[in-house]
Amino acid sequence: MLEFAEVQLHNRKTLFVEVILPLAISRNYTYRVPFEMNDAAVVGKRVVVQFGKSKLYTAIIAAISEHAPEKYEAKYIIEILDDAPVVTQRQLQFWHWLAEYYMCNEGEVMNAALPSALKLASETKVMLNREFEYDKTQLNDKEYLITEALDIQPELTVSDIVKLLGQKTVMPILKSLFEKNIITISEEVSERYKPRKKTYITLNPVYHNSDNRKELFEILEKRAPKQADALLTYLKLSRQQKAVAKNELIEESGAGESSIKSLIEKEVFFAEHKTISRLGYEEDDEAISNFTLSEAQQLALGEAQQYFEKKDVVLLHGVTASGKTQIYIKLIEEMIATGRQVLYLLPEIALTTHIIERLRIYFGGTIGVYHSRFNDNERVEVWQKVLRNEYKVVLGARSSVFLPFHDLGLIIVDEEHETSYKQYDPAPRYNARDTAIYLANMHSGKVLLGSATPSFETYYNARTHKYGLVELTERYGGVQLPLVEVVSISKELKQKTMQSHFTSVLMADMQLALENKEQVILFQNRRGYAPVLMCRVCAYTPKCINCDVSLTYHKHTTKLHCHYCGYKEDTPSVCPACGSTHLEYKGFGTEKVEDELSVLMPDVRLARMDLDTTRSRNSLQTILNNLEEKKIDILIGTQMVAKGLDFADVTVIGIINADSLLKYPDYRANERSFQMLAQVSGRAGRRGKQGKVVIQTYDPGHRVIKQVIENDYADLYFTEMEERKSFKYPPFYRIISVDVKHKNPEILYNQAEYLTNELRKHFGDRVIGPEAPLINRIRNYYIKTIMLKFERDSISVVKAKALMRDVITQFQTTKLSKGCIVQPDVDPY
DNA sequence: AGCACGCCGACT
DNA sequence: GTCGGCGTGCTC
C-alpha cells in the first residue's frame, strides 16, 4: 500500500487495461486499474480479474489505454501478480496472429501457451491481512469458518477453501473478505513450485579400504544377503557414474527400501539429500565427444548456410540415418555463439532420453527441454529460464513454440512432415511447423526443416525456390540402406505357409535374427487386440453408445473399448442381436500380434509399444531402455516404433499388413504410407549392418510399395502432385474445413446445409459438402464437415478467413443454430 | 468456460 | 402448489 503523499506523486491518470482471459470467448475485455497500481500495470503481466458474477481468473494484460470504454463502467482489476511481464510483447503479437490464422480466440491460444501453473486461479494462496482489525461478529458463517482456518494455518489455497466449505463457488466469499480487507490474495510464482530433492548414496570412506570392505562383505553375505547385493550393486554403479541415486540403487539391486535403510543405519552408506533440477540432470558434465562431419554432411551444412543468406527457410532432405542431427548441432553451435536462442522442435514421441542426452553432452546446462510428459512445475521452470535468457537452446515438442523467447535466431523442425505437429483437439488447431516459420520471422530468425520424407507442402515450397533445398542422399558412416522384400499374403495363404499373421519369409527372417542375437521390430498400424467383435450368424458388431465406431476388444481388460470417448463395456458372450454364441474377432491389432507370436515363439522376449502401453509418464522410456539393454527380442508396435528408435541391433523390421495404411480414404494416404514405411524401414540395420525389411501385403504390385522398395521419393512426389493438382488439394490449394456438431442429427443436417449455403454465397464452388465424416458421431455429437478449398495464390486467404468468421458469427446468431458447435480447422491433417 | 435467468415435468 | 431439468445469453 502506498502512502497518500506517494499517491499524490503519481500521475493520477485513469488507466484501463485490455486483458486476455483464458477462455474460449471471442474478444478481450477492459478493466480499470486502481491508481496505486498504475505504475505496476505493464503489458504482459498477469492480473487477477473478476469475470462474470463470481469467477476470478488470471488474465494477461494485452494493452493499456487511458480512455474509458464508452458503454459501460469497467470493473477494477483485483491484483497484479507479477513484478515483471511473464509474456513478452512479441508473444502477444504471436498469439494474436495465431488466433487469426487458425480462426480461434486469443484465450484459447493463451490456454495452450501458458503452463497452467501460471494461470490457475484455484491455486492462489489466501492469507489473513495482519494489518487489519476486524469484527468477527460481522462475518457470516462461511466467512467465519475461513478466518478461523486461517488463524490455525496461515496460508490456504483456494482449492483448500473449496474443500473446507464443501462448495465450489468460493470466489464470491473470498472476494467479499478481500474487499473487507480481512484477507490478502497472493500468488508468488517463484514459490509455486518446490525444488525436487533426490537422495544420493555414498559409501562410508572407511570401506574405501579393500580389507574393510571385504570384511564387511563377508558379514553381510551371511547375515543379510540382500544388503550384500545392494553393496555390490552400489560398487558397480559407482564405477559407472559419479553419483548413485537411492531409487536407482533400489531398482538395480532389487534390494528394497529396508535393506538400504539398514545399511544407512549401520553407517555403511551415507544418504545425502540434494536439490536437483526438475529437468532431470545435474550440472557436472562430461567433456564433449567431438565428432567430425562426413564430407557429404559438411557439404550439406555449407549449402544450408549459404541458403540462409538469402532465404528464411531451408529444407534439409536427408535419407534416414544420413546424420541430420549432427548438422543441426553444428548450426545450433554457430547460432548460440552469436548469442541468439535456438529452438529445436521434435515430435513428442521422438523426444526420448536418447536425443536429449546427445544434445546435453553438447550444450550442457544451457539446453532446456519442454514436452507434455513434464508436469506443470517443470514447465514453469523452463518457461522462467527461457524468459530470463538462461537457456540458449530449447529442445521441445509442439507446444514449445509458445515459450517466451527473446531473440530466436534459429528454429530446427526435425521430422517436419510429422502429423503430430498439428494439434487437433482443443483449439488452437495449430501446426507447430508452420507456426515456427512465422515465429522465426518475427525474430528475424531462420528455420531449418529436416526430414527424410518431407511433406509435399514443404517439398513443393523447396522445389519452387521459396525455401532453400539441401539434399543429403548418403547414409552416415556408409551404412547401407536395408534390403526391402515384399511378400504377398494372398500367395502365402494359398500355399498355406502363413502361420497366423506371419508369412514364412518373415518367420524365417525373425528366426535368423534371433539366432544372431539381434532384435526385431514388428509394425502393426493399429492398437488393441482385435478391432471388432462380430457375430458370425448375423454380422452384428458392438458399437459405442456415444460414438459412431465399433468397439475394440482389449485383452488386458477383457472389455470392449471405444478409442474415441473411452467408453468401455463387458464383452458379450452371446450376440445381443440374434442370440447366437458364434462371436468371433475380426481384424487384429498389436495386442493380438503379440499374443499370437508368444504362442509361436514361446521363448522369445516380447514387448509391445502403443498408446496403451506408453500412457504413463515413464513407460515409454522403460520400453526403450529395455530394448537398448537387449531385454527385448521382438518389439511390436504402432506408428510409434517408426519414430526416433535408433538401436544398433535391430536388423529385421516386419510390416505385418501394409494394406491397412494404403487403403486409407484420404488424399494423403499414399504420402503417409510412403513416409510411414520409409521411416519404419529406416530403423533397420543402422550402425554397420545391413537391415532387412519385410513388407507383408495383399497387393504387392501397389505403386507406393514399389516406390518404397526403390526408395524413390521423387517419383512418389511427381505422381502424387499430378493428382493433388487435378483434385484441388494442397499444396496447390489451401484447405479450411469446418466441423459442425450437434446432438440432434436432424438439426445438424439442416444447420450444416444452411451454413454451407451461406458460405457458398461468398465462396461459390470453393465450398464442398457438407459431408458426414468417417466417424459421424463422437461423444454423442453428430458431425458434418464442410470443406473450403482456396487457390493458393489468388484471393487472399486472410480476407477469406475474415469473411468466414463473419459468416460463422452471423450463423451463430440465428436462432436456429442453437446448440450447434462450429469448429474451423485451418490446414487440417 | 461458468453461471444465472427462464420456462416445462414428478414430487413434499 | 414447488424443486429442478438444462436451454441460451452474457460476462468489461
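Throughout, protein chains are lettered first and strands after them, A, B, ... in sequence-line order, and every chain is numbered starting at 1. Just so we're clear, the structure is a prediction, and the values are computed from it rather than from any experiment.
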A side-chain contact here means heavy atoms from C-beta on lying under 4.5 Å apart; do [X] and [Y] qualify?
X: A:Y370; Y: A:L395; answer: no
X: A:Y57; Y: A:V19; answer: no
X: A:M804; Y: A:F763; answer: yes

Nucleotide [N], atom [atom2] - distance to [atom1] of [X] in whole Å:
X: A:R32; N: C:dT11; atom1: CZ; atom2: C1'; answer: 20 Å
X: A:I77; N: C:dT11; atom1: CD1; atom2: C1'; answer: 18 Å
X: A:F16; N: C:dC12; atom1: CZ; atom2: P; answer: 14 Å
X: A:I78; N: C:dC12; atom1: CD1; atom2: P; answer: 11 Å
X: A:L21; N: C:dC12; atom1: CG; atom2: P; answer: 9 Å
X: A:H67; N: C:dC12; atom1: NE2; atom2: P; answer: 22 Å
X: A:E18; N: C:dT11; atom1: CD; atom2: P; answer: 16 Å
X: A:Y57; N: B:dC3; atom1: OH; atom2: C1'; answer: 9 Å

> So which nucleotide from C:dT11, C:dC12, B:dG2 ends up closest to the side chain of A:I25?
Replying inline: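 Looking only at heavy atoms from C-beta outward on A:I25, the closest nucleotide is C:dT11.
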
> Is the aromatic ring of A:Y31 within stacking range of C:dC12, meaning centres under 5.5 angstrom and planes under 30 degrees?
Replying inline: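 Stacking between A:Y31 and C:dC12: absent.
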
> What orientation do A:F402 and A:F94 show, parallel under 30°, tilted 30 to 60°, or perpendicular over 60°?
Replying inline: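 Tilted, since the angle between the ring planes falls between 30° and 60°.
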
> Touch check for A:R27, heavy atoms < 4.0 angstrom, all strands: base, sugar-phosphate only, or nothing?
Replying inline: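 A:R27: base contact, heavy atoms under 4.0 Å.
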
> Would you say A:N744 has more than 12 foreign heavy atoms packed within less than 6.0 Å of its CG?
Replying inline: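 Yes, CG of A:N744 has more than 12 neighbouring heavy atoms, counting only those of other groups under 6.0 Å.
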
> Nearest 0.5 Å, what's the OG1-CD distance between A:T756 and A:E758?
Replying inline: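 Result: 10.0 Å between the selected atoms.
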
>> Using ring-ring contact (aromatic ring centres under 6.0 Å, His included), reason through A:Y421 and A:Y829 one step at a time and then give a plain yes or no.
In response: CA-CA 10 Å; A:Y421 281 125; A:Y829 261 128; 9.4 Å; no

> Going by number, which of residues 98-110 of chain A have a non-hydrogen atom under 4.0 Å from DNA chain B?
Replying inline: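 Output list: empty, so none.
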
